[in-house]
Amino acid sequence: MRMSQFFLPVLKDTPAEAQIVSHRLMLRAGMIRQSSAGIYSWLPLGFRVLKKIEQIVREEQDATGAQELLMPTIQPADLWRESGRYDDYGLEMLRITDRHERDMLFGPTNEEVITDIFRGSIRSYRQLPLNLYHIQWKFRDEVRPRFGIMRGREFLMKDNYSFDLDTEAARHSYNKMFVAYLRTFERLGLKAIPMLADTGPIGGDMSHEFIILADTGESEVYCHADYLDFTAPDAGVDYESDLSPIIAHWTSRYAATDEKHDAVQFENEVPEERRIATRGIEVGHIFNFGSKYSKAMGANVMGADGTEVPVEMGSYGIGVSRLVGAIIEASHDDDGIIWPDSVAPFDVGLINLKAGDEACDSAVNDIYAKLGEAGLDVLLDDSDGRAGGKFATMDLIGLPWQLIVGPRGLKSGVVEVKERRTGERQELSIEAAIASLTGS
RNA sequence: CGGGGAGUGGCGCAGCCAGGUAGCGCAUCUGCUUUGGGAGCAGAGGGUCGGAGGUUCGAAUCCUCUCUCCCCGACCA
């Protein structure tokens with residue numbers, strides 16, 4: 001992509017409304033624009049990142065055997081009356097009336113719709129287990145949206161729903177998602193720590209929030225520093241095998257949000273120098289709720305013994321749009337964003353320091369073509385701006401690598417490769433620079 | 001929902017208290033010079049001052065109502 005043709009409205013000044021760093025950087029880097037409180041448009045650069053994250057989430061879901069579908073944003077109120085949540089959900093639910101005066105709503109979540117789909121088509125335990133997910137926009141009419149995309153009213157969420165015959169099978173479905181989440185967040189370049197979460201009236205230990213540590217997080221969290229060195233299971237993990245050892249490992253140290261925090265236990269279990277007390281951002285939440293919805297909505301299956309039982313369900317959410325902000329909170333410096341390779345909107349920023357100069361233009365066009373052929377996504381700054389502005393913009397939008405081509409270097413046959421994360425620069429021949437970026 | 005703050009050109013702001021017909025920086029456009037970390041000079045364009053009502057000879061400025069946005073708190077699978 002040539003920057004001269006790319007819609008990238010970067011801002012030099014920080015917009016007054018933005019308080020936290022991810023919000024400021026997303027606005028400045030031309031990733032989003034606010035439409036109204038808690039509702040944003042995604043501009044091309046931001047949308048690229050959103051899609052990259054979405055794709056990683058999708059791949060890790062598919063690896064577990066979960067199947068993607070797509071449910072609507074607008075749902076009928078009647079389904080929610082059946083589950084009993086129409087009145088319970090409160091003002092956070094955006095209620096809509098259509099032209100026939102039917103009560104509708106913009107879905108804040110999808111348990112009712114998925115349960116309706118399930119009960120209409122599944123009759124037998126032989127069709128289980130089943131895990132369905134979608135990645136869809138949600139709307140929750142928060143009293144006070146804030147932190148830009150991190151706590152918006154409209155947000156993109158991956159949510160899935162597992163269906164099993166009994167609690168043992170449901171636990172396995174739960175464990176699968178636990179492992180998939182560890183892998184997903186690791187691929188996104190994040191250290192996400194599973195923390196025991198409140199299960200409400202359901203009880204039990206089958207609910208975890210996945211939290212990344214960040215000063216700007218919304219909740220206070222306490223955990224053992226060992227978690228920072230844990231590594232997620234690799235891609236070869238067998239989801240049909242017994243996953244409980246992995247879960248045991250990842251729940252072996254103290255980790256709790258303030259609602260579940262026990263100061264005495266924390267001090268007893270964690271040596272002082274290993275205690276982490278900071279703030280965190282919730283990026284995922286997995287939950288088993290048994291037969292709460294299946295009972296209320298009549299989602300039953302016939303068991304092997306010929307008796308009909310309500311299906312055991314769980315739901316699992318990842319805040320896809322929130323992750324964009326969360327990654328920035330975890331990875332930035334004074335100059336701007338530092339994208340992990342896996343979600344960067346482009347792989348390389350190619351800077352032509354002197355557009356219009358014959359030698360620079362031809363070298364840059366040649367490099368651009370070769371990097372493209374090698375499968376890299378390149379953003380070429382072919383504008384006729386000044387060097388300082390180009391460097392500042394490239395640092396701001398945070399592409400992992402910069403390749404800087406200027407008349408001075410070209411005279412001695414070299415270009416500069418800069419790693420955004422470390423700031424390290426290397427002068428290399430054009431061929432060597434291409435080779436280092438393409439890994440060949 | 002309680003408390004606080006703000007709406008003036010695309011962005012950041014001044015002007016408001018002590019009413020007199022809108023200004024600064026950045027950005028944009030033109031020209032010249034410049035060119036490796038957000039250039040200089042000269043010129044130009046762009047604003048129903050959030051909206052509605054009122055007071056006044058005259059309102060960005062005073063009064064009333066209203067809308068929107070932000071911050072703190074409460075709230076939040």
Side-chain angles (χ1 to χ4, degrees), chain A residues 9-20 23-24 27-28 30 33-40 83 85 88-93 107-111 138 140-148 150-153 155 157 159-161 177 195-202 206-210 218-219 257-260 281-290 292-293 313-319 322 334-336 351-357 360 381 383-396 402 404-412 414-416 418 423 425 427:
Chain A
V10 298
L11 303 175
K12 221 162 153 181
D13 295 317
T14 300
E17 76 267 17
Q19 296 300 313
I20 67 163
H23 191 195
R24 284 203 298 263
L27 288 168
R28 287 196 53 215
R33 283 294 179 268
Q34 182 166 351
S35 176
S36 63
I39 301 177
Y40 293 83
S83 71
R85 286 208 293 179
D88 293 350
Y89 214 91
L91 295 172
E92 247 185 52
M93 186 154 72
T109 175
N110 283 67
E111 280 83 0
K138 306 291 189 292
R140 292 182 192 173
D141 200 0
E142 301 279 351
V143 201
R144 191 185 151 212
R146 63 188 106 170
F147 306 144
M150 302 263 285
R151 191 173 180 75
R153 292 194 291 171
F155 57 96
M157 181 164 112
D159 46 318
N160 46 345
Y161 305 90
M177 286 299 118
M195 301 193 181
L196 201 57
D198 210 342
T199 50
I202 307 293
M206 288 225 268
S207 179
H208 286 87
E209 289 181 9
F210 288 75
E218 281 200 84
S219 35
T257 61
D258 54 350
E259 356 178 273
K260 302 286 279 186
I281 301 166
E282 180 187 344
V283 288
H285 194 152
I286 59 178
F287 196 76
N288 178 285
F289 46 71
K292 179 176 177 183
Y293 296 94
M313 294 175 62
S315 74
Y316 316 88
I318 290 181
R322 172 180 283 183
D334 289 345
D335 295 325
I351 300 178
N352 184 347
L353 278 182
K354 194 167 185 182
D357 175 89
C360 285
D381 187 346
S383 66
D384 59 1
R386 305 174 66 81
K390 295 184 182 191
F391 292 140
T393 297
M394 207 53 93
D395 285 347
L396 173 64
Q402 296 173 16
I404 301 156
V405 179
R408 216 163 67 189
L410 280 184
K411 272 184 196 147
S412 43
V414 297
V415 294
E416 208 172 307
K418 175 179 160 185
R425 303 143 168 274
E427 291 208 327

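No experiment lies behind these values; they were computed from the predicted model shown. The figures that follow rest on heavy atoms only: side chains count, while hydrogens, waters and symmetry mates do not.
Within the model, atoms CZ of A:R28 and NZ of A:K12 stand 10.0 Å from one another, a figure rounded to the nearest 0.5 Å. Distance check: A:E416 CD to A:Q402 CD gives 9.5 Å after rounding to the nearest 0.5 Å. The NE2 atom of A:H208 sits 5.0 Å away from the CG atom of A:L196 when rounded to the nearest 0.5 Å. Taken from CD in A:E218 to CE in A:M150, the straight-line distance is 7.5 Å, to the nearest 0.5 Å. Taken to the nearest 0.5 Å, the CG atom of A:N288 stands 10.0 Å off from the CE atom of A:M313. A distance of 5.0 Å separates CD1 in A:I404 from CD1 in A:I351, rounded to the nearest 0.5 Å.
Taking only side-chain atoms of A:A16, from C-beta outward, the nucleotide of B:rA39, B:rC13, B:rC70 with the closest atom is B:rC13. Each of B:rC1, B:rG37, B:rG12 was ranked by its minimum atom distance to the side chain of A:P15; first place goes to B:rG12. In this structure, the nucleotide among B:rA74, B:rA39, B:rG38 sitting nearest to the side chain of A:R28 is B:rG38. Residue A:R146 has its side chain nearest to B:rA74 when only B:rC70, B:rA74, B:rG36 are considered. Set against B:rU34, B:rG36, B:rC26, the side chain of A:K12 has B:rC26 as its closest nucleotide. Each of B:rC1, B:rG37, B:rU35 was ranked by its minimum atom distance to the side chain of A:D395; first place goes to B:rG37. When each of B:rG36, B:rC1, B:rG25 is scored by its nearest atom to the side-chain atoms of A:V143, the top-ranked nucleotide is B:rC1. When distances run from any side-chain atom of A:D13 to the nucleotides B:rG25, B:rG36, B:rG73, the shortest one goes to B:rG25. Of the candidate nucleotides B:rA74, B:rG12, B:rG37, B:rG37 has the atom nearest to the side chain of A:R425.
Of all nucleotides present, only B:rC41 satisfies the Watson-Crick or G-U wobble test against B:rG31, with each distance under 3.5 Å. B:rG47: no Watson-Crick or G-U partner with both key distances under 3.5 Å is found in any strand. Taking a pair to require two hydrogen-bonding distances under 3.5 Å in either a Watson-Crick or a G-U wobble arrangement, B:rG20 pairs with B:rC57.
In this structure, A:G409 and A:T14 both approach RNA chain B, and ranking their closest nucleotides by distance from the 5' end singles out A:T14. Nearer the 5' end of RNA chain B, as judged by each residue's closest nucleotide, is the contact made by A:R408, out of A:R408 and A:P108.
When heavy atoms are screened at a 4.0 angstrom cut-off, A:L11 is found touching no nucleic acid atom at all. As judged by a 4.0 angstrom heavy-atom cut-off over every strand, A:E416 is placed among the base-contacting residues. As judged by a 4.0 angstrom heavy-atom cut-off over every strand, A:A37 is placed among residues touching the sugar-phosphate backbone only. Base engagement by A:T393 is indicated by at least one non-hydrogen atom pair under 4.0 Å involving a base atom.
For A:R386, a side-chain nitrogen or oxygen approaches OP1 or OP2 of B:rA39 to under 4.0 Å.
Side-chain atoms of A:K418 and base atoms of B:rG36 include no donor and acceptor less than 3.5 Å apart.
Using atom C1' as the reference point in both B:rA52 and B:rG12, the two lie 29 Å apart (nearest Å). Using atom C1' as the reference point in both B:rC13 and B:rA27, the two lie 14 Å apart (nearest Å).
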